[in-house]
Amino acid sequence: MSSESSKKRKPKVIRSDGAPAEGKRNRSDTEQEGKYYSEEAEVDLRDPGRDYELYKYTCQELQRLMAEIQDLKSRGGKDVAIEIEERRIQSCVHFMTLKKLNRLAHIRLKKGRDQTHEAKQKVDAYHLQLQNLLYEVMHLQKEITKCLEFKSKHEEIDLVSLEEFYKEAPPDISKAEVTMGDPHQQTLARLDWELEQRKRLAEKYRECLSNKEKILKEIEVKKEYLSSLQPRLNSIMQASLPVQEYLFMPFDQAHKQYETARHLPPPLYVLFVQATAYGQACDKTLSVSIEGSVDEAKALFKPPDDSQGNVVKRRRPTLGVQLDDKRKEMLKRHPLSVMLDLKCKDDSVLHLTFYYLMNLNIMTVKAKVTTATELITPISAGDLLSPDSVLSCLYPGDHGKKTPNPANQYQFDKVGILTLSDYVLELGHPYLWVQKLGGLHFPKEQPQQTVIADHSLSASHMETTMKLLKTRVQSRLALHKQFASLEHGIVPVTSDCQYLFPAKVVSRLVKWVTIAHEDYMELHFTKDIVDAGLAGDTNLYYMALIERGTAKLQAAVVLNPGYSSIPPVFQLCLNWKGEKTNSNDDNIRAMEGEVNVCYKELCGPWPSHQLLTNQLQRLCVLLDVYLETESHDDSVEGPKEFPQEKMCLRLFRGPSRMKPFKYNHPQGFFSHR
Amino acid sequence: MERAVPLAVPLGQTEVFQALQRLHMTIFSQSVSPCGKFLAAGNNYGQIAIFSLSAALSSEAKEESKRPVVTFQAHDGPVYSMVSTDRHLLSAGDGEVKAWLWAEMLKKGCKELWHRQPPYRTSLEVPEINALLLVPKENSLILAGGDCQLHTMDLETGTFTRVLRGHTDYIHCLALRERSPEVLSGGEDGAVRLWDLRTAKEVQTIEVYKHEECSRPHNGRWIGCLATDSDWMVCGGGPALTLWHLRSSTPTTVFPIRAPQKHVTFYQDLVLTAAGNSCRVDVFTNLGYRAFSLSF
């Protein structure tokens with residue numbers, strides 16, 4: 001119904017000015033209470049449900065009235081207008097009620113909205129407060145965490161342990177009573193103590209630094225003093241030269257020798273130093289000197305001369321000459337050599353000259369023996385003192401014919417040298433002990449490493465080698481003398497060895513000659529010795545012939561270069577009533593055993609130079625016993641050729657029926673071992 | 001027989017001395033252990049060496065298996081004879097007999113269990129003991145040697161019970177004739193004498209050198225070895241090796257071996273004999289000739 005709605009609208013428009021009216025009313029409320037018709041207050045008093053009912057009833061009434069009007073209008077008539085008017089007035093009243101209800105509803109609505117708005121605002125305010133507080137809480141928590149995680153620098157300092165602290169800190173810092181209970185105080189106290197200590201140490205450090213400066217300055221002063229001393233000392237040395245010569249104290253000479261020694265190659269230098277030291281400390285009979293040209297030694301290190309780089313074309317030398325030159329180059333010796341002179345008790349001297357082969361990195365030695373008096377060399381003693389063999393096998397197996405440096409083989413192959421033994425006569429022997437004295441050690445396992453001279457190796461071998469050298473020379477000289485006597489058929493037994501033999505010895509030595517190694521190997525009765533490996537080519541071989549009546553005893557002797565610590569070995573062959581050797585006669589074997597195995601009895605007083613001659617004498621005695629105790633063969637006629645003169649307890653003993661070969665002193669009879 | 005391998009090492013004093021000792025060594029006696037696995041050998045230096053037979057005879061034997069397991073100095077003089085009982089090794093040489101426990105000998109530093117010396121008449125020189133013989137029935141040991149007598153020693157008490165005299169020169173060897181029981185002894189005087197153990201008297205004498213078939217005067221008359229098989233006896237030495245029939249005292253077979261024999265023994269129907277002087281013990285097994293040498 002548009003008219004109704006427009007009618008409704010109008011009161012609406014009018015009533016929308018309620019707010020200013022309310023405002024006025026509010027002010028006027030305070031001025032005049034109860035005078036105005038306050039609809040707001042009325043709203044609170046009325047029940048909205050009843051208003052709703054009223055509204056429904058009013059709408060119904062209006063509808064009824066409209067319907068009645070409609071009816072009336074449609075009927076028409078006069079009274080209709082009055083009825084219509086009446087109804088119109090009623091409906092107007094209803095309309096007024098509706099308007100009022102509408103106003104009330106609006107007011108209620110507005111009030112409701114206002115209330116919600118207010119409440120919402122409050123809630124918002126609380127919400128904001130909550131947010132603020134939460135934010136603050138978070139912030140505070142962060143701060144707390146930060147505070148809790150805070151590591152104070154003091155924890156990084158390593159403090160001394162508690163016990164130490166209480167022990168060391170003075171009581172005014174440690175304040176035991178306070179700090180024991182309170183960890184905070186304790187830490188503070190410890191830090192205090194730490195600070196104290198550090199201050200003290202810093203003080204000390206400063207002091208030490210200043211001390212050091214002082215001392216350094218002093219050292220400087222003294223150094224200057226010393227350096228100014230050197231020229232003064234030199235002048236004194238110069239001035240004292242004539243005095244030195246007058247007093248026979250050649251310090252200068254030794255000094256010059258040291259100067260020369262600086263140009264020696266390392267192995268020779270090691271040898272020189274060690275030998276001089278040994279000579280000064282232990283052995284006054286050893287003297288060391290350096291021979292050779294220092295200028296040539298210096299020239300070795302200079303660059304080659306310009307003249308060699310000439311462009312002039314020359315005919316190339318032939319291949320053979322080239323090879324020869326290369327060989328010479330390879331075997332070149334260093335121009336300097338070290339000479340050692342060993343003086344023995346009987347005034348004989350062993351002269352050793354040590355050379356260094358530069359390209360092969362080995363040392364060689366040449367030896368010479370000179371005696372105080374001129375020696376007449378017996379024929380058989382030719383090899384004893386010859387420079388070639390006097391030092392052979394000083395240590396077992398050290399024959400000096402092969403180069404000790406395994407790397408040399410490759411060098412030799414390049415220039416066609418087969419073996420160094422072809423050159424030893426001129427270059428000297430490269431014995432192993434010579435290398436050791438020069439500090440050179442050639443290990444078999446790793447031949448590629450470069451070998452350098454080592455002082456400790458030389459020092460550890462010096463004493464033994466010198467002693468062996470002396471023993472060797474002396475034993476050779478003793479043999480020399482003995483050989484002279486043996487060649488005349490006399491076995492020289494010294495008086496202190498006479499007790500080993502009976503007074504009467506009938507068998508005689510008639511021959512003593514030297515034989516060659518090959519000849520020894522050819523003998524039929526020496527096979528056992530050859531098979532046992534005792535007959536090498538470094539030994540010396542001799543043949544002795546002992547005779548008595550028709551019996552001839554041949555003795556083949558192997559003289560090891562290590563005589564007399566290694567005994568000579570005898571092999572016998574007896575020609576008497578047939579040929580008897582150790583393979584067909586046990587007694588011959590026993591005789592060999594008497595001289596070979598029981599040699600220690602025959603050594604005589606140290607240094608046992610009498611061994612060989614005692615062995616020969618014993619052989620004579622054994623031959624006597626053998627011949628005299630030979631049992632008489634009943635089938636052969638005639639008396640025994642050799643009557644028994646030796647006193648024997650028993651002629652045969654044991655399952656092998658041995659003759660009594662052992663001589664007993666001083667009773668003078670023969671018995672069995 | 002193997003030849004010694006030439007030594008390749010440079011020879012110092014000790015190596016030379018040892019080589020010379022070996023060249024002049026003579027092994028005089030040997031004895032097999034009761035278990036059969038070991039062989040003891042005694043040499044002229046008075047040393048006894050124990051070899052392990054099982055190792056040396058096995059198929060994997062190397063050079064080291066032929067070397068002694070242990071060597072020790074047993075006597076001052078040569079060890080001329082050795083014999084084994086079921087637990088002991090008895091060795092004799094210069095005048096006294098020593099006993100060793102087989103179980104102990106393989107350890108180093110073993111000492112003799114006991115040593116006894118028979119009562120000798122002379123005191124000037126101690127006579128050697130050349131032969132030892134065990135008489136199991138009496139549990140006694142018979143010793144014979146340089147003083148030309150046979151001594152019997154009781155093995156339990158160690159006392160010397162009887163002395164059998166009769167030889168005019170020293171005794172070389174002994175043999176036991178089980179059935180009777182009789183002991184045969186051969187000596188330097190060229191006679192083989194039979195002794196009855198119960199009556200301690202000489203029962204029979206055979207002077208071997210007087211029989212032309214076997215005597216060899218250029219060698220001498222000494223009897224070096226004896227073996228008996230109750231009715232039969234083999235002996236040799238200066239005279240040739242001969243097989244004798246004991247009851248009739250007649251030589252039946254003369255073996256054509258030239259060298260004087262040192263050791264002989266009956267083995268089943270065979271006669272095994274050896275004459276050697278070296279530091280080696282030659283081993284023959286069953287004449288199937290698996291021969292090699294044990295070397296000191």
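Chain letters run A, B, ... following the sequence lines, proteins first, then strands; residues in each count from 1.
Looking at Y395(A), neither its backbone nor its side chain comes within 4.5 Å of chain B, counting heavy atoms on both sides. With a 4.5 angstrom heavy-atom cutoff, R653(A) touches chain B via backbone and side-chain atoms both. Looking at Q13(B), both its backbone and its side chain come within 4.5 Å of chain A, counting heavy atoms on both sides. Within the 4.5 angstrom heavy-atom criterion, atoms from both the backbone and the side chain of V597(A) approach chain B. Heavy atoms of T538(A) lying under 4.5 Å from chain B are absent altogether.
At least one test fails for K580(A) against the ring of Y626(A): distance under 6.0 Å to the centre or angle within 45° of the axis.
You'll find the ring centres of H172(B) and Y170(B) inside the 6.0 Å limit.
Ion pairing between R650(A) and E188(B) fails under the 4.0 Å rule for side-chain N and carboxylate O. K662(A) and E594(A) are not joined by a salt bridge, as no carboxylate oxygen comes within less than 4.0 angstrom of a charged side-chain nitrogen.
The most heavy-atom pairs under 4.5 Å with chain B, out of N560(A), V569(A), N596(A), come from N596(A).
The side chain to side chain contact (heavy atoms under 4.5 Å, CB included) search around L132(B) returns S81(B), V83(B), L90(B), A92(B), V97(B), I129(B), L141(B), L143(B), not counting sequence neighbours.
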